Chemist: 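Structure below; questions to follow.
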Amino acid sequence: MTISQAIGNVCTISALTTKKQETIKAVDSKVIYLPGTDCAIKPQASLSAFTSYRVGGGAEWYVAPRNLEALQASIEYAQELSLPVTILGAGSNLLVSDQGIPGLVIATRHFRSKHFDPQTGQLTVAAGESIPSLAWEAADLGWEGLEWAVGIPGTVGGAVVMNAGAHNSCIADMLVSAEVLSPDGTLETLTPSELGYKYRTSLLQGGKRIVTQATFQLQPGADPATVIATTKQHKQHRLSTQPYNFPSCGSVFRNPKPYTAGWLIEQAGLKGYQIGGAQVALLHANFIVNRGGAKASDIFCLIRHIQREVEERWSIWLEPEVKMIGEFQPVC
């Protein structure tokens, strides 16, 4: 199971039958419905329009559950048919192979709920909620703590998994707990220490547990105008220093302290370097943008070229922050 924490119709569940012989029901030989639900599992669903890079192939099977029960039913379906499972959120930190993704792709971006508790200052949100939207909502309420996240183009689930961060803040600094679903259907509530947070990573990465919701500690009671102004400053800083005029995944590489990946790439003379429709951004060298018509293979090969050039000059191998899913040719 791959976690990247999107597309199509959403689904809910009524009464799921567990009899294997009733596991699937084909409708017009294309869409499969889980018994007792309106969960539509679709074959060969295109994913390119639902990743921020706007590239990549299709999902062999795709489903978008709206609630926990439907998510559990989808996982049970995949297990009964021995299908690998890939979890997608907003597709903002992701490079999907041109060959697509085998097995069942489960989109969690339709998990939507949030609760601001003024007594505790805690915000509990479902995995599919947008991080930038939450930052603006918190600012409007005068709740401090999420101003830095306004430029993070992802969902809560993905942010928790990768310990998203910006402006010297990160998810680990504010997370109270995360609810995760295990492959056997059990739910756990984990603290930051149990998640093993490090720079842009956690123990959830590469594992089989799925984030369903998270609780963050914020500071209510501030002047909304002040929080909104700070949030706007962070947003403007992102817009002025990072390329938003072409599709990208955000930062491509982790920063190898004490350096920044962007500085190393720029010093290697790679700003503007292009393979196919993929280009090292002129505004920020740690971004690769789709200038139009790029393939996932173009972006992958550009990533490899950058790694080789930086290693040759600095003896540093840049580690990708973007998650690459599917098959890619090892040699470009």
Side-chain angles (χ1 to χ4, degrees), residues 1-92 94 96-113 125-130 154-158 161 179-185 187 208-213 323 325-326:
M1 182 185 296
T2 302
I3 295 179
S4 168
Q5 320 230 191
I7 68 178
N9 295 331
V10 298
C11 53
T12 55
I13 182 170
S14 52
L16 174 68
T17 176
T18 59
K19 295 181 181 180
K20 187 166 183 177
Q21 63 268 30
E22 296 178 353
T23 298
I24 60 175
K25 177 182 179 183
V27 178
D28 69 13
S29 300
K30 293 183 179 180
V31 178
I32 293 172
Y33 284 88
L34 297 176
T37 80
D38 61 356
C39 277
I41 297 180
K42 299 181 178 182
Q44 300 303 319
S46 175
L47 297 174
S48 62
F50 303 97
T51 64
S52 59
Y53 260 134
R54 299 296 187 260
V55 300
E60 182 180 6
W61 298 100
Y62 170 87
V63 67
R66 185 185 289 273
N67 55 39
L68 179 61
E69 292 80 7
L71 173 61
Q72 291 171 317
S74 300
I75 293 174
E76 181 180 333
Y77 165 81
Q79 290 175 334
E80 289 182 344
L81 274 70
S82 300
L83 295 174
V85 171
T86 299
I87 304 297
L88 293 184
S92 59
L94 185 67
V96 174
S97 163
D98 295 317
Q99 283 68 50
I101 302 176
L104 180 63
V105 173
I106 302 177
T108 60
R109 67 180 301 169
H110 299 299
F111 274 57
R112 299 288 181 88
S113 67
V125 288
E129 289 287 349
S130 162
T155 59
V156 167
V161 169
E179 182 184 85
V180 299
L181 177 68
S182 297
D184 63 3
L187 285 171
K208 297 184 177 181
R209 292 176 294 181
I210 304 166
V211 175
T212 58
Q213 71 174 31
K323 303 306 172 188
I325 299 181

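What's counted below: heavy atoms across the whole structure, side chains too, no hydrogens, waters or symmetry copies. Since we're looking at a predicted model, the values are computed, not measured.
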Chemist: What are the two closest non-hydrogen atoms of Arg209 and Ser182, and how far apart are they?
Modeler: CG-OG, 3.8 Å
Chemist: Quick one: closest heavy-atom pair of Val211 and Ala127, and the distance?
Modeler: O-CB, 3.3 Å
Chemist: How many angstroms lie between atom CD1 of Ile101 and atom CG of Leu94, to the nearest 0.5 angstrom?
Modeler: 6.5 Å
Chemist: Between Glu60 and Gly103, what is the shortest heavy-atom contact and its length?
Modeler: OE1-N, 2.6 Å
Chemist: Might you point out which heavy atoms bring Gly154 and Ala90 nearest each other, and give the distance in Å?
Modeler: CA-CB, 4.3 Å
Chemist: Tell me, please, which residues at least two apart from Ser113 pass side-chain hydrogen bond (donor to acceptor under 3.5 Å, both in side chains).
Modeler: none
Chemist: Can you list the residues that meet the side chain to side chain contact (heavy atoms under 4.5 Å, CB included) rule with Ser52, with sequence neighbours excluded?
Modeler: Ser92, Cys249
Chemist: Nearest 0.5 Å please: distance from the CD atom of Glu179 over to the CD atom of Gln213.
Modeler: 4.5 Å
Chemist: Taking all non-hydrogen atoms of both residues into account, name the closest pair between Val31 and Ala40 and its distance.
Modeler: CG1-CB, 3.7 Å
Chemist: Under 4.5 Å between any side-chain heavy atoms of Val161 and Ile87, yes or no?
Modeler: no
Chemist: Mind checking what makes side chain to side chain contact (heavy atoms under 4.5 Å, CB included) contact with Glu129, not counting sequence neighbours?
Modeler: Arg112, Lys114, Val125, Leu134, Val156
Chemist: What's the separation between atom NZ in Lys42 and atom CH2 in Trp61, rounded to the nearest 0.5 Å?
Modeler: 12.5 Å
Chemist: I need the Glu69 CD to Ser74 OG distance, nearest 0.5 Å.
Modeler: 11.5 Å
Chemist: Just so I know, are the side chains of Leu181 and Ile75 near enough to count as touching, which here means a heavy-atom distance under 4.5 Å?
Modeler: yes
Chemist: Rounded to the nearest 0.5 Å, what separates atom CD1 in Ile106 from atom CG in Leu83?
Modeler: 10.0 Å
Chemist: Using the test side-chain hydrogen bond (donor to acceptor under 3.5 Å, both in side chains), find all partners of Gln79 that sit at least two apart in sequence or belong to another chain.
Modeler: none
Chemist: When rounded to the nearest 0.5 angstrom, what is the spacing between CG in Leu68 and OG1 in Thr108?
Modeler: 12.0 Å
Chemist: Is the shortest heavy-atom distance from the side chain of Ser48 to the side chain of Tyr53 under 4.5 Å?
Modeler: no
Chemist: Of all the heavy-atom pairs spanning Gly185 and Gln72, show the shortest one and how long it is.
Modeler: O-NE2, 3.1 Å
Chemist: With respect to Thr212, which candidate in Asn67, Leu187, Val180 satisfies the side chain to side chain contact (heavy atoms under 4.5 Å, CB included) definition?
Modeler: Leu187
Chemist: Within the structure provided, determine whether Phe111 and Leu71 are in side-chain contact (heavy-atom separation under 4.5 Å).
Modeler: yes
Chemist: Within the side chain of Ser97, is there an N or O that forms a donor-acceptor pair under 3.5 Å with the backbone of Gln99?
Modeler: yes
